[in-house]
Amino acid sequence: MGSTKILLVDDDRLVLSTLGEGLRLAGYEVSEADSGETAIELCSRHHHHLVVLDIRMPGIDGVEVARWLRQNSDIPFIFLSAYGDDDVVDRAVAEGALGYLIKPVDPPQLQAAIRAALGRSTEIRQLREKEGQLSQALSGERTINTAVGILAYRQGLSEHEAFEMLRHHARSNHRKLTEVAEDLVSALETLNSVSSRNA
């Protein structure tokens, strides 16, 4: 846990000191910011695994910092607030907070919320990676199907025969099937573009 970097953001120095000391004793590496402006500056210069944000601060408030984090980084965050009204909670949820604690908060409470938020953040990151891989795989599948359709139509082949021809060409040239399919589709698009200009 010693390598887990937490940024505490609160305009109350006593809160920063108390919670910061508790987190350090628990083994976290803690940075502190007493304003939204300082928080953004620290996050733009240093990596943090999680930001703990007070919602209501003068100047740039916690919600604005959260919005900046969401738009400019992949750093997760949780909120601290002395207010538990629905409007404040709704704003926190809308910005993608992974937790929301009502003050006063003691260090053990905060540590539990941090562990939960970091776990959820890991799950979300893994889901996004899987989603990206799936999207890439589906895109490749569509390109292969298009290339097979082109070959089948132009060569008078069945879809199975066209697929086997494409696969054989890829293997004999030591290339991926998707790459060969992309080349074929791209070549046809270029040919169609040239033909339409000369028509």
Side-chain angles (χ1 to χ4, degrees), residues 1-7 29 31 36 39-53 60 62-79 90-99 114-199:
M1 215 167 21
S3 62
T4 302
K5 297 177 181 177
I6 307 295
L7 174 62
E29 187 177 327
S31 300
I40 288 173
E41 182 185 344
L42 287 173
C43 287
S44 64
R45 290 194 286 119
H46 306 287
H47 174 72
H48 298 86
H49 294 97
L50 183 76
V51 178
V52 180
L53 282 167
I60 297 177
V63 173
E64 291 175 275
V65 175
R67 191 171 299 129
W68 184 92
L69 288 170
R70 192 164 47 82
Q71 293 172 352
N72 297 279
S73 77
D74 59 356
I75 304 172
F77 51 88
I78 62 176
F79 281 122
D90 288 346
R91 288 177 71 200
V93 170
E95 292 304 330
L98 295 183
I114 286 172
R115 284 195 300 271
L118 288 172
R120 184 75 184 116
S121 173
T122 299
E123 289 173 8
I124 290 169
R125 187 172 62 251
Q126 289 170 345
L127 282 171
R128 283 177 180 159
E129 287 171 0
K130 285 179 183 173
E131 184 183 7
Q133 290 165 358
L134 179 60
S135 176
Q136 192 173 15
L138 288 173
S139 175
E141 190 71 26
R142 282 193 295 270
T143 304
I144 290 169
N145 287 339
T146 302
V148 166
I150 292 168
L151 272 178
Y153 175 75
R154 294 204 161 226
Q155 301 292 327
L157 304 170
S158 68
E159 284 194 3
H160 176 72
E161 289 170 333
F163 177 78
E164 288 302 321
M165 177 184 283
L166 197 67
R167 189 168 67 165
H168 175 74
H169 182 75
R171 280 184 177 171
S172 61
N173 288 278
H174 306 290
R175 299 183 68 202
K176 291 181 180 177
L177 187 59
T178 49
E179 291 176 357
V180 173
E182 284 168 5
D183 285 352
L184 180 60
V185 172
S186 177
L188 182 65
E189 288 171 350
T190 302
L191 183 63
N192 287 341
S193 174
V194 170
S195 299
S196 65
R197 279 201 299 268
N198 293 331

Q | Minimal non-hydrogen separation, Ala66 against Phe79, with atom names | A | CB-CZ, 3.6 Å
Q: Compare every heavy atom of His47 with every heavy atom of Lys5, then report the nearest pair and how far apart it is.
A: CD-O, 3.6 Å
Q) CD1 of Ile114 to CD1 of Ile78: how many Å apart, nearest 0.5 Å? A) 5.5 Å
Q) Would a 4.5 Å heavy-atom cut-off, applied to side chains only, mark Leu50 and Ser121 as touching? A) no
Q.
Let me confirm one number: the CG-NE2 distance from Leu184 to His169, rounded to the nearest 0.5 Å.
A. 9.0 Å
Q: State the CD1-CG distance between Ile144 and Leu177, to the nearest 0.5 angstrom.
A: 4.0 Å
(Q) Testing the basics here: between Ile75 and His48, what is the closest heavy-atom pair and its distance to 0.1 Å? (A) CG2-O, 3.5 Å
Q) Does the side chain of Leu151 come within less than 4.5 Å of Phe163's, by heavy atoms? A) no
Q. Of the non-hydrogen atoms in Leu53 and Gly62, which two are nearest, and what is the gap between them?
A. CD1-O, 3.5 Å
Q. Which heavy atom of Leu98 sits nearest a heavy atom of Arg120, and at what distance?
A. CD2-CG, 4.0 Å
Q) Leu7 versus His46: any side-chain heavy-atom pair under 4.5 Å? A) no
Q. Step by step, would you call Asn173 with Val180 a side-chain contact (heavy atoms from CB on, under 4.5 Å)?
A. CA-CA 9 Å; Asn173 288 278; Val180 173; 5.9 Å; no
Q | Inter-residue atom distance Glu141.CD - Thr143.OG1, 0.5 Å rounding | A | 9.5 Å
Q. Taking the side chain as C-beta and beyond, is there a heavy-atom pair between His160 and Glu164 under 4.5 Å?
A. yes
Q) Side chains of Thr122 and Leu118: closer than 4.5 Å at any heavy-atom pair? A) no
**Q.** Neighbour count >12 (heavy atoms, 6.0 Å) for atom CZ, Arg171
**A.** no
Q) Between Val148 and Ala162, what is the shortest heavy-atom contact and its length? A) O-CB, 3.5 Å
**Q.** Asp183 side, atom CG; Arg175 side, atom CZ - distance, nearest 0.5 Å
**A.** 4.5 Å
Q | Glu64 with Arg67: basic N within carboxylate O range, under 4.0 Å | A | no
